[in-house]
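All remarks here apply to the structure that follows.
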Amino acid sequence: MTDKTKRGQLSAQTRTIAAQTSASGSRPPSPDRRRFLTGTAAAGAAGLLGSGGALAGNPDNLPPNVPDWSRYLGVGVDANPYGMPVEFESHVVRRNVEWLTATTESSVNFTPIHEMDGFVTPNGLCFERHHGGMAVIAPEDYRLMINGLVDRPLIFTYQDLLRFPPESRFHFLECAANSGMEWRGAQLNGVQYTHGMIHCVYYTGVPLKTLLNEAGIKTSGKWILAEGADSSGMSRSIPLEKALDDCLVAYSQNGERLRAEQGYPVRLVVPGWEGNMWVKWLRRIEVGDKAWYHREETSKYTDLLPDGTARKFTWAMDAKSVITSPSPEKPVLGEGPQVIKGLAWSGHGKIKRVDVSTDGGINWQTAKLHAPVLSKSLTYFTLPWSWNGEEVLLQSRAIDETGYVQPEMAALQEARGVNSIYHNNSVQTWLVNANGAVDNVRLG
Amino acid sequence: MSVSVKRSLAAAAVFLLAGSAALAEEGKIFGLGTVATPEQIAAWDIDIRPDGQGLPNGGGSAEAGEEIYEFQCAFCHGDFGEGIGRYPVLMGGFDSLTAERPEKTVGSYWPYASTVWDYIYRAMPFGNAQSLSVDETYAVTAYVLYLNDIVEYDQVVDQSNLADIEMPNAGGFFVMEGTEFEPYEPCMSNCRETVEILGKARVLDVTPDDGGQAPIE
C-alpha cells in the first residue's frame, strides 16, 4: 500500500486518472461512516461510550495519512446545477407515519427537526400536509380572485403579484395537530414524529392588506374566506382584523420561489396561527360579514372537551418548546460535555426565555437563546451540559413575551381532557438511558 | 441667521414631503389586476354559509341520492357511512362526544348542514372533486343526513330549506373567553418532590422503524 505520508510520489499520469475518477464521482462513501450517520450504528451507542464517542473511520484517511481529497482534484463546478445535500446527509429527510392516515394524498409527513442547527428549515425538509394531494400549477395558469364585499372584485396574475411592494419575514408554521398523538401518553419514539409538523422559513410576498385595499373592502366586511386551488378546495374563515394585521400572500420561501408542496406559486401566511389556515395554492379570497363554518373549522380543527362541547376558532399556537438533541434520534454518545439543543416558538410573539431541566422538572436552568429571536418565529436554544452516564430526564419549558408559560400535560389534560387532538403544547420529557439511548416518556 | 432659517425651513419641507409620501403609501391603489367578471366569479365562488348564502338553485332527496352515494361515496365511506379502513365515518356516534373514544361524525358532531353541502360540492368524491352537479350534491347531502336520521328518505333538500335543517350538535361549539393559562413566574428549584415515569413510547412500538431512533439494546 502506498505510504500516503510521503508527498509528491505519484506520476503525472496517475494524478490525471485519479482526478478523473474523482470527477466522475465514482468513489463510494465509507460504509462504516454511512452506517453510523444513517443511525443504524447508533445501536452501538453503548459500545461507543467506551471510546468516548470516537467514530471508526477509514484509517487511510486519518492522521498521519494524507487522504485522497487532499491530493487529487475534486469535482468541478456545475456538476449539480441545483445543489443537493452531500450524500452523507441522505438520512436527513421528511418521514411519515403510515398508519396515521388512509392515503398519502390526504396525509402528513414530518420535518426532521433533530437535524436542524438553528431556526431556519431548509425548503426541502419542510413537512408536507395535503388534503387532496400536491397541486402543480404553472405560474401562467395561476389566478388569484378577490371577491365578495369589495368595491372592485379583482383577478391577479402571478406577474401582477410580483409588482406589488413586497414584505419579507421569518415565521414558523405549526400544524394544530402537532404532538396530537401524544395526548394519552408517550406514543411515538422520535422528536421528528412528536414535534415535526413545524417549519420556519423566510417568506417574501405581498401583504394581504395591500391586495384587499386594491379591491376596496366594504364597511360590512368582517371576515375573509381563503380558498385553495387544489382538489380539496381547502377553505378557512379568517377574521378581517387578522387579514389586515400581518398576513402575507407569499410567493417565496428562503429566497427561492415556493416549493410545490408548500403551495407554489402562492400561499397564504397567517403568522402565529395554526398551519391549516395558511392556505396553499391560494386561488381566492372572499370578503364576507360572517364566518363560513366550513369542514376544516367545524368537523376538524375544533377542540373537543370532556363535557362534549368543543372550542372553535382556537387559531393561535401557544408557546411551546422541545429538546431536539438529545432525543430518540440523537442518543448521547459518551459521558462528559454535551450540548442540549432545541427549538421554542410562540404564536403570540417572541420567546422570552427557555428553561431546561435534567431531572424531570425538579430543578431548572435557563438556556441560551440564539439570535435572532423573532416574533412568531422558531427560536434556537442551547444549554451546555455534562452527562455522568446515569439515567436523566430532560425537559424544556418556553415562556413567551406575554408571560405565558408552556404547560405540563397534567395542566392541559385538566383543562381539555385527552380528546381535543389539537393544540398540544405541553412540556416533552426525554429519558436518557444509562447506555445513552433516549426514550419518549410520560411523567406522572 | 437668515441662512439658518432657510435651512431649517428646507429641512422641514423635506420632512413634510417624506411624511406625505408615507401617508400616500398607506392605502395606495396600484391599479394592478383586472376586474373579475360576474361569470368568472360565479364559476369560482362556490362557498356556502350556514345561513344558506351561496346555495344554488336545485334540490334532491335521499331517495335520489342513494344510488349516487353507492356509486361515488361508498367505496371509502361504506354503504351506511360506517367508513372503510381509516376513511371518515359519516354516520352515528350520537351521545359519544363525552365517551372515552368519541365518534365525531356528520350526525354527532357537524353543526351545520351547509358544511356538508359545501364540502361535498368542493372536495368530493375524493380524487374527482367538483364533478357532482348541483342536484346530485343536494341528493347526496340529503342521503348523508338521512343516514343520520336527520331528514326523511323522500324529503327534498333544496335551496329554500337546507339552512333550516337543525343538526344535533348545532349548539356544541363555543369561543373560549380570555386565556387558558394566566402568566406566572415558574419555579426554578426543588419544584417537585418525586418524578415517576408513567409510560414509554418504546413499549407501544408504533413508531416507524426507519426513523433513525436508536434501539435500546
Side-chain angles (χ1 to χ4, degrees), chain A residues 39 42-43 45 91 95 97 101-102 145 147 152-156 160 163-164 185-190 192 213-214 225 231-233 284 292-295 298-299 302 304 308-313 328-329 331 360-364 393 403-405 407 415 419 433 437 439-444, chain B residues 27 29-30 32-36 40-41 44-45 47 49-51 85-87 97-98 102 104 109-112 114-115 118-119 122-123 126-127 129 172-176 180-181 183-184 186 188-192 195-202 204 206-208 210-216:
Chain A
H91 58 291
R95 291 184 170 88
V97 178
T101 51
M145 179 184 287
N147 72 308
R152 296 170 298 279
L154 292 173
I155 290 183
F156 298 107
D160 287 335
R163 291 170 66 182
F164 285 100
Q187 179 158 226
L188 288 165
N189 211 30
Q192 181 164 11
N213 186 54
E214 199 75 5
L225 183 76
S231 72
S232 78
R284 199 167 64 90
W292 278 261
Y293 288 95
H294 281 179
R295 178 181 184 259
T298 53
S299 165
T302 51
L304 182 63
T309 65
R311 293 178 186 171
K312 63 179 178 180
F313 302 158
E329 297 96 327
I362 297 173
N363 298 293
W364 297 83
L393 290 164
Y404 177 97
V405 182
N419 284 320
N433 293 278
D439 272 327
N440 174 13
V441 297
R442 176 61 49 81
L443 298 188
Chain B
I29 304 293
F30 294 87
L32 293 169
T34 53
V35 172
Q40 289 172 322
I41 295 171
W44 273 24
D45 183 353
D47 57 75
R49 278 195 333 202
D51 59 7
R86 293 195 64 83
Y87 284 99
L97 297 184
T98 56
K104 294 190 284 185
Y109 197 60
W110 292 37
Y112 303 112
S114 65
T115 312
D118 177 272
Y119 187 69
R122 75 169 53 245
F126 189 64
F173 297 84
F174 70 100
V175 175
M176 179 176 58
E180 190 172 40
F181 301 111
Y184 68 98
M188 294 299 286
S189 56
N190 300 315
C191 303
R192 51 200 296 177
V195 172
E196 182 194 2
I197 295 175
L198 294 182
K200 294 184 183 181
R202 188 182 299 276
L204 274 180
V206 293
T207 311
D210 70 336
Q213 70 275 22
I216 199 164

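Proteins get letters first, then strands, A, B, ... in listed order; numbering begins at 1 in each. Excluded from the calculations below are hydrogen atoms, water molecules and symmetry mates; all remaining heavy atoms, backbone and side chain alike, are included.
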- May I ask you to name which of Gly361(A), Pro153(A), Ala310(A) has the most heavy-atom pairs under 4.5 Å with chain B? Ala310(A)

- Note on the structure: Minimal heavy-atom distance between Val195(B) and Gly360(A), with the atoms involved, is CG2-O, 3.7 Å

- Contact summary for Ser189(B) and Asn363(A), nearest pair of heavy atoms: CA-OD1, 3.2 Å

- Of all heavy-atom pairs linking Pro186(B) and Val405(A), the shortest is CD-CG2, 4.1 Å

- Answer whether the closest heavy-atom distance between the side chains of Leu443(A) and Ile197(B) falls below 4.5 Å. yes

- So, do Thr34(B) and Leu154(A) sit near enough that their side-chain heavy atoms are less than 4.5 Å apart? no

- Heavy-atom proximity to chain B below 4.5 Å, by part of Leu225(A): side chain

- Turns out that what part of Phe126(B) lies under 4.5 Å from chain A's heavy atoms comes down to side chain

- Message: Which heavy atom of Leu204(B) sits nearest to which heavy atom of Ala186(A), and what is that distance?
- Response: CD1-O, 3.5 Å

- Message: I need the minimum non-hydrogen distance between Trp292(A) and Pro50(B), along with the two atoms involved.
- Response: O-CD, 3.4 Å

- Atom pair CZ (Arg202(B)) and CG (Asp439(A)), whose distance is rounded to the nearest 0.5 Å: 4.0 Å

- Query: Is there a side-chain contact between Ile29(B) and Glu214(A) (heavy atoms, below 4.5 Å)?
  - Reply: yes

- Query: With a 4.5 angstrom heavy-atom cut-off, which part of Asp47(B) approaches chain A: side chain, backbone, both or neither?
  - Reply: both

- Winner by heavy-atom pair count (cut-off under 4.5 Å) against chain B, out of His294(A), Met145(A), Arg152(A): His294(A)

- Item | Test item: Val206(B) and Val97(A) side chains (from C-beta on) under 4.5 Å apart, heavy atoms | no

- Query: In terms of heavy-atom proximity below 4.5 Å to chain B, should Asn147(A) be classed as side chain, backbone, both, or neither?
  - Reply: side chain

- Top contributor to chain B contacts, counting heavy-atom pairs under 4.5 Å, from Asn440(A), Thr101(A), Ile362(A): Ile362(A)

- Query: For Leu32(B), does its backbone N or O pair with a side-chain atom of Arg163(A) as donor and acceptor, under 3.5 Å?
  - Reply: no

- Task: Drop me the distance from Phe174(B)'s CZ to Thr309(A)'s OG1, to the nearest 0.5 angstrom.
- Result: 4.5 Å

- Query: What's the shortest heavy-atom distance between Ala415(A) and Phe181(B), and which atoms?
  - Reply: CB-CZ, 4.2 Å

- Task: For each of Tyr184(B), Phe173(B), Tyr119(B), Trp44(B), tally heavy-atom pairs with chain A at distances under 4.5 Å, and name the one with the top tally.
- Result: Trp44(B)

- Item | Distance in Å, Ile41(B) CD1 paired with Ile155(A) CD1, rounded so as to fall on 0.5 Å steps | 7.5 Å

- With distance as the sole test, does Thr115(B) use its side chain to make a donor-acceptor pair with the main-chain N or O of Tyr293(A) at under 3.5 Å? yes

- Task: Take Thr302(A) and Tyr109(B) through the side-chain hydrogen bond (donor to acceptor under 3.5 Å, both in side chains) test and state the conclusion after the steps.
- Result: CA-CA 10 Å; Thr302(A) 51; Tyr109(B) 197 60; 2.6 Å; yes

- State, with a plain yes or no, whether a side-chain heavy atom of Arg295(A) is found less than 4.5 Å away from one of Asp118(B). no

- Note on the structure: The interface call for Tyr404(A) against chain B, heavy-atom contacts under 4.5 Å, is both

- Top residue by heavy-atom pair count (under 4.5 Å) with chain A, among Ala129(B), Gly172(B), Gly85(B)? Gly172(B)

- Task: Any chance you could measure Arg95(A), atom CZ, to Thr207(B), atom OG1, to the nearest 0.5 Å?
- Result: 12.0 Å

- Query: Can a donor-acceptor pair be found between the side chains of Ser299(A) and Trp110(B) at a distance below 3.5 Å?
  - Reply: yes

- Using non-hydrogen atoms only, which part of Arg311(A) is less than 4.5 Å away from chain B: side chain, backbone, both, or neither? both

- Message: If you count heavy-atom pairs within less than 4.5 Å of chain A, which of Ser114(B), Gly127(B), Ala123(B) leads?
- Response: Ala123(B)

- Return the option, out of Lys104(B), Met176(B), Arg122(B), Glu196(B), with the maximum number of heavy-atom pairs under 4.5 Å with chain A. Arg122(B)

